[in-house]
Amino acid sequence: MKLALASSPASVESARKQPAIQVSNLSIVFDTNRGQTIAVDRVSFDVAPGEFVCIVGPSGCGKSTVLNTIAGLEVPFEGDILVEGSRVYSPRPDVGMVFQQPHLFPWKSVRRNIAHGPRMLGKSRTEANAIADDLIAMVGLKRFADAYPNTLSGGMQQRVAIARALANQPRVLLMDEPFGALDAQTRAVMQDNLLELRDRIKATIVFVTHDIDEAIVLADRVLIMSAGPGRILREVAVKLPRPRSSSIMVEPTYLSLKKDCLDVIRAEGLRAFNQSDAS
Amino acid sequence: MKRLNILIGALSIPLFLCAWELVARSGVVNAVLFPPPSVVAVAVLEWVRSGQFFSDLGASLTRVVTGFVIGAALGIVLGVLTGQFPLVSSLLSPLFHILRPIPPIAFVPIVILWFGLSEAGKLFLVVWGVFFTVWLSTHIGVQKVDRGLIRAALMLGTPRRQMLQEIVLLGALPYIVVGLRTAVSISFYTLVAAELAGAFAGIVYRIEIAQQNLQTGQVMGGLATLGLISFIADRLFSALAERTVWWR
């Protein structure tokens, strides 16, 4: 499998091309035993091809729900979602997803797990295994190609999950707090790995997290969501140079961005607190 | 300390047998009702030498194995159907939940009415006992398959119609295997009920006959044999189970 180098992200040219993802007035309402809850309230945003967007917000703000809807896992919803120009109804092979838990198939080896996607798309066992071996090398797990998931650490399992999601060469990669279940050290290493990986794969990435540091380190653009019902409070462009690594977290440019984001988050936190206090 | 434990463990059964021998020979209890192990051993040897042991063993094992295979096959098929398809579950689960707690032994009179003294009746009892255990484990296993695995499979392009064979069956396998292992023990319990429903050969049958003739040594020998084959069957199955669920 040849990996194409990424074109320059979020440049003027890409903005003129059709967005990879278009979310317009997305609203999702859940029926609970206490009546209806508005999980997501008229969320709209676009993602340019090859762009890395992070959605950051507190727990329960609906950011995972938004991601699941783009993935085609959550229906029905109000509003429009277009991926690569076509409407989303159900899971599709050009959209890959990594979840907070690796959800590796426990009865398959690492190689077989990664080969699953290509096999479902009709590739032969040899072809699928070859694709898997390329990805195994890319995520640095060559020694574990025949190992079973229960023998791997959490970080290694997530690396396999990422490789598995990339096996069908998706145009869009959705990541739902993939490093949330890992310890701080592993998380930092995984963030750096993802940054390296991102420069090698030509995919649009939407990454959901509740960690503002993680969001700014990884993204080209950060979308800050309010607490439930989820709305987009602010879009912050992250104009930090690439290639990047987590070591950028001490730079003044980074810190000023972080301050801007924290101001927005703090203002929202205060508003939500006063609102719940008032009632 | 560990060595002491191993020593005591090894001596446990021999000590018990010696104690039994002494108590039985001491005259404290009626020797007819409570024979010592030496008498039991002689009775068993006679049973083996006459050849009846092997025909009894064969008859009992055939019933257990055939009943287990039929009951397990039905249990797995129906468990997958009720676990996977809500409509099927709504139709069958209430019925199965009501029938399941009825112990097979309670069916003996009606089995004799329906099947007379034929093998079919005994098979019915074993199948009944095995079926409900395997059905329930399979049903639960299919329902408890990690939803995350299914979502991951969907995102990788697995068509919904292939989800059962690709993900659900293997995901449910650990539960199914646990159900099967329980069913092995249950099939021996129901064997007792089955052979009480009028048999002409078999280990429990032999115990019955011996009891009627006050051959207590033979009774105990039969019980020990029953316990032994049940134990061996469980061990064999658990080794097989480990190999079937290869990823654990």
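By convention in this document, chain letters (A, B, ...) are assigned in the order of the sequence lines, proteins followed by strands, and residues within each chain are numbered from 1.
Listed here is the closest heavy atom pair of B:L149 and A:L104: CD2-O, 3.3 Å. When every heavy atom of B:W247 is checked against every heavy atom of A:P106, the shortest pair comes out as CB-O, 3.0 Å. Heavy-atom minimum distance, B:L156 versus A:N168: O-ND2, 3.2 Å.
Paired with B:M155 under the rule side-chain contact (heavy atoms from CB on, under 4.5 Å), one option of A:M97, A:R92, A:R164 passes, and it is A:M97.
A donor-acceptor distance shorter than 3.5 angstrom exists from the side chain of B:W246 to the backbone of A:W107, with no hydrogens or angles considered.
Shown here is B:Y189, whose OH atom has no more than 12 heavy atoms of other residues, nucleotides or ligands within 6.0 Å. Around CZ of A:R221, the count of heavy atoms belonging to other residues, nucleotides or ligands within 6.0 Å exceeds 12. Within a 6.0 Å sphere centred on CD1 of B:I6, other residues, nucleotides and ligands contribute more than 12 heavy atoms. Within a 6.0 Å radius of CD1 in A:I38, other residues, nucleotides and ligands contribute 12 heavy atoms or fewer.
In this structure, the separation between CG on B:L170 and NZ on A:K108 is 8.0 Å, given to the nearest 0.5 Å. The CE atom of A:M120 lies 5.5 Å from the CD atom of B:Q162; values are rounded to the nearest 0.5 Å.
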### Message
Test side-chain contact (heavy atoms from CB on, under 4.5 Å) on A:N68 and B:R151; report intermediate values, then the result.
### Response
CA-CA 10 Å; A:N68 284 333; B:R151 278 187 294 151; 4.1 Å; yes

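If you measure heavy-atom distances from A:F105 to chain B, the contacts under 4.5 Å come from both the backbone and the side chain. Neither the backbone nor the side chain of B:I150 comes within contact range of chain A, judged by heavy atoms closer than 4.5 Å.
The residue among A:G96, A:A161, A:A71 with the most heavy atom pairs within less than 4.5 Å of chain B is A:A71.
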